[in-house]
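These notes are about the structure you will find just below.
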Amino acid sequence: MRYEQDLVRALLHEQHPDLAALELRDVEGGWDNQQWRLGPDLAVRLPRSDRAPGLLRTEQAWLPVLAERLPLPVPTPVRVGEPSPRFAHPWTIAHWVAGEPADRAPITRPDAADTLAGFLRALHHPAPFDAPASSTRGVPLAQLDPEFPSWLEAISTNADAAREVWDEAVAAPAWTGSPLWLHGDLHPANVVTQDGALTGVIDFGDLSSGDPATDLSAAWILLPADAAPRFFAAYAQADEATITRARGWAVMRALNLIWIGQRGRNGLPGGKPTWEPAGYATLERVLAG
C-alpha cells in the first residue's frame with residue numbers, strides 16, 4: 001500500500017493546520033510505515049501494515065519518556081494524528097533524524113563502537129511493569145528455536161557454523177535480571193549514518209523490554225568487522241553468557257535480513273534488496289568470532 005501526498009496534506013489541514021503549509025517531500029523506504037519530510041525538522045509517518053498502528057502507539061506513548069536520556073537523535077513524536085473518517089488509523093508527526101540509512105551507507109568508523117555502546121547503556125535501564133513486551137524480542141532464545149531450521153534455508157553455505165553459534169546461544173544461561181528497556185529492532189535500516197559515523201537511531205515501534213542480548217547483537221549487525229570487542233568493553237555491562245546469547249540473536253537477524261533481501265532481489269512483496277548484503281556482512285562478522 002502506498003499513500004499520496006494529497007492525503008497527508010489533507011490530514012495536516014484537518015488536525016494540525018499550523019503545520020499544513022510546510023514543504024512536504026517523499027522519503028524512500030519504510031516497512032510498516034510510510035514517511036514524508038515535513039519542513040526542515042519534522043517527519044510524518046502513516047501506518048501501512050496491519051501491525052503498524054500498534055507500533056506507532058508504542059512510540060507515541062514511550063519514546064518521549066525515554067528520549068531525554070538518549071545520547072543520539074531519535075524520532076521523538078511531537079504531534080499525534082488520530083483516526084478520522086479520512087484515515088482510519090493513528091499517525092505521527094515526529095522529529096526528523098538526519099542521515100542516510102545504514103543499509104545504504106554502512107557504518108565504517110571504529111569509534112561507532114563507543115557511540116553505540118553509549119546509546120545502549122543509556123537505554124538499557126529497568127523497564128516499568130507496564131512497559132511493552134514482545135513474543136519475539138527480549139525473550140529466551142529457546143522459545144524461537146523451533147523456527148531456526150526454516151531461517152537456515154536462506155543460506156547455502158556456512159549453515160553448520162551458523163547452527164553451532166545458535167545452539168551455543170540457546171544453551172547459554174538465560175537472562176535473570178530485571179527486564180530492561182530494548183529498542184528491539186536494531187538493524188541497518190533502523191539507524192542512520194553520516195560520513196561513516198552512527199548519527200541517529202530510528203523506528204522504535206518494536207520498543208519492548210527483556211533480555212538486553214537482543215539489542216547487543218547490533219555489535220555484529222551494525223558495526224564494522226572486528227569492532228565487537230571494543231563495543232563490549234565500552235558497554236561494560238555484559239557477561240559472557242549475555243555475549244553468547246547476543247551472537248545467537250545476530251545470527252538469527254542475519255538470516256532474516258538475507259531472506260528479506262532475497263525477496264527484494266527477486267521482486268517479491270515485502271522485499272528489501274539492500275538488506276541482503278547487510279545480512280551476509282552480519283553473518284560473516286559473527287562467524288568470525
Side-chain angles (χ1 to χ4, degrees), residues 31 55 58-59 62-63 65-67 69-75 97 101-103 107 112-128 131-141 143-144 165-166 169-170 172-193 198-224 227-257 278-279 282 285-286:
W31 182 269
L55 302 183
T58 295
E59 284 190 344
W62 292 106
L63 189 51
V65 176
L66 298 172
R69 71 168 183 245
L70 299 178
L72 287 173
V74 298
V97 179
D103 59 322
I107 296 169
D114 305 318
T115 305
L116 179 62
F119 177 85
L120 289 178
R121 280 201 316 272
L123 175 62
H124 287 170
H125 286 252
S134 170
S135 62
T136 58
R137 291 157 170 85
V139 299
L141 288 174
Q143 292 182 204
L144 306 176
V165 171
W166 175 260
V170 172
W175 175 254
T176 57
S178 300
L180 303 185
W181 275 117
L182 309 175
H183 177 280
D185 203 23
L186 286 174
H187 63 72
N190 285 345
V191 301
V192 297
T193 70
L198 171 62
T199 56
V201 178
I202 59 176
D203 199 343
F204 283 74
D206 283 302
L207 191 71
S208 51
S209 56
D211 180 1
T214 300
D215 281 354
L216 298 178
S217 63
W220 298 277
I221 298 170
L222 298 179
L223 298 176
R230 177 170 175 173
F231 166 81
F232 283 107
Y235 182 78
Q237 297 174 4
D239 60 17
E240 286 303 314
T242 300
I243 294 172
T244 298
R245 295 194 307 277
R247 290 187 73 216
W249 280 101
V251 165
M252 182 191 76
R253 291 297 181 86
L255 298 175
N256 290 341
L257 288 167
T282 296
R285 291 189 289 260
V286 74

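The analysis underlying the following values was restricted to heavy atoms, covering all of them including side chains, and did not include hydrogens, waters or symmetry mates.
Leu222 CG to Ser217 OG: the interatomic distance, rounded to the nearest 0.5 Å, is 8.0 Å. Note: Leu186 CG to Trp249 CH2 = 12.0 Å, rounded to the nearest 0.5 Å. Atom CZ of residue Arg247 and atom CE of residue Met252 lie 15.0 Å apart, to the nearest 0.5 angstrom. Distance OG1/Thr115 to CD1/Ile107: 8.5 Å, rounded to 0.5 Å. Atom OG1 in Thr214 sits 11.0 Å away from atom CH2 in Trp175 (nearest 0.5 Å). Interatomic distance, Thr282 OG1 to His187 NE2, rounded to the nearest 0.5 Å: 10.5 Å.
Between Val74 and Leu63, the closest side-chain pair of non-hydrogen atoms falls below 4.5 Å. For the pair Leu257 and Pro188, the minimum side-chain heavy-atom distance is below 4.5 Å.
A search for side chain to side chain contact (heavy atoms under 4.5 Å, CB included) contacts involving Ala238 returns Leu216, Phe232, Tyr235, Thr242, Ile243, not counting sequence neighbours. The salt bridge (Lys or Arg N to Asp or Glu O under 4.0 Å) search around Arg253 returns Asp185, not counting sequence neighbours. Under the side chain to side chain contact (heavy atoms under 4.5 Å, CB included) criterion, Ala131 pairs with Ala127, Pro128, Trp181, Ser209, sequence neighbours left out. When the side chain to side chain contact (heavy atoms under 4.5 Å, CB included) test is applied to Thr136, the partners found at least two apart in sequence or on another chain are Ser134. Judged as a ring-ring contact (aromatic ring centres under 6.0 Å, His included), and not counting sequence neighbours, Phe119 has no contacts. Remark: Pro126 engages Ser178, Leu180 in a side chain to side chain contact (heavy atoms under 4.5 Å, CB included) (not counting sequence neighbours).
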Original post:
Can Thr199 and Leu72 be said to form a side-chain contact (heavy atoms from CB on, under 4.5 Å), step by step?
Top reply: CA-CA 6 Å; Thr199 56; Leu72 287 173; 5.7 Å; no

Start with the C-alpha gap between His125 and Arg69, add the side-chain angles, then the distance that decides, and say whether side-chain contact (heavy atoms from CB on, under 4.5 Å) holds. CA-CA 11 Å; His125 286 252; Arg69 71 168 183 245; 3.5 Å; yes

Next on the checklist: side-chain contact (heavy atoms from CB on, under 4.5 Å) for Asp206 and His183? Distances and angles first, verdict last.
Outcome noted: CA-CA 6 Å; Asp206 283 302; His183 177 280; over 6 Å; no

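Minimum interatomic distance between Arg285 and Pro224 (heavy atoms only, all atoms of both residues): CD-C, 3.8 Å. Between Ala228 and Ala219, the closest heavy-atom pair is CB-CB, 4.1 Å. Nearest heavy-atom pair across Ala250 and Trp220 is CB-CE3, 3.9 Å. Across Arg245 and Asp211, no two heavy atoms sit closer than the pair NE-OD2, 2.7 Å. Among all heavy-atom pairs drawn from Ala241 and Ala172, the shortest one is O-CB, 4.1 Å. Ser135 and Gln143 get closest at one heavy-atom pair: O-NE2, 4.3 Å.
Checking side-chain atoms of Arg230 against main-chain N and O of Ala113 turns up no donor-acceptor pair under 3.5 Å. Between the side chain of Arg121 and the main chain of Ala234, a donor-acceptor pair closer than 3.5 Å is present.
Shown are Leu123, Leu207, Asp215, Leu120; of these, the side chain to side chain contact (heavy atoms under 4.5 Å, CB included) with Leu182 is made only by Asp215. When Thr244, Val165, Leu141 are each tested for a side chain to side chain contact (heavy atoms under 4.5 Å, CB included) with Val170, only one passes: Leu141.
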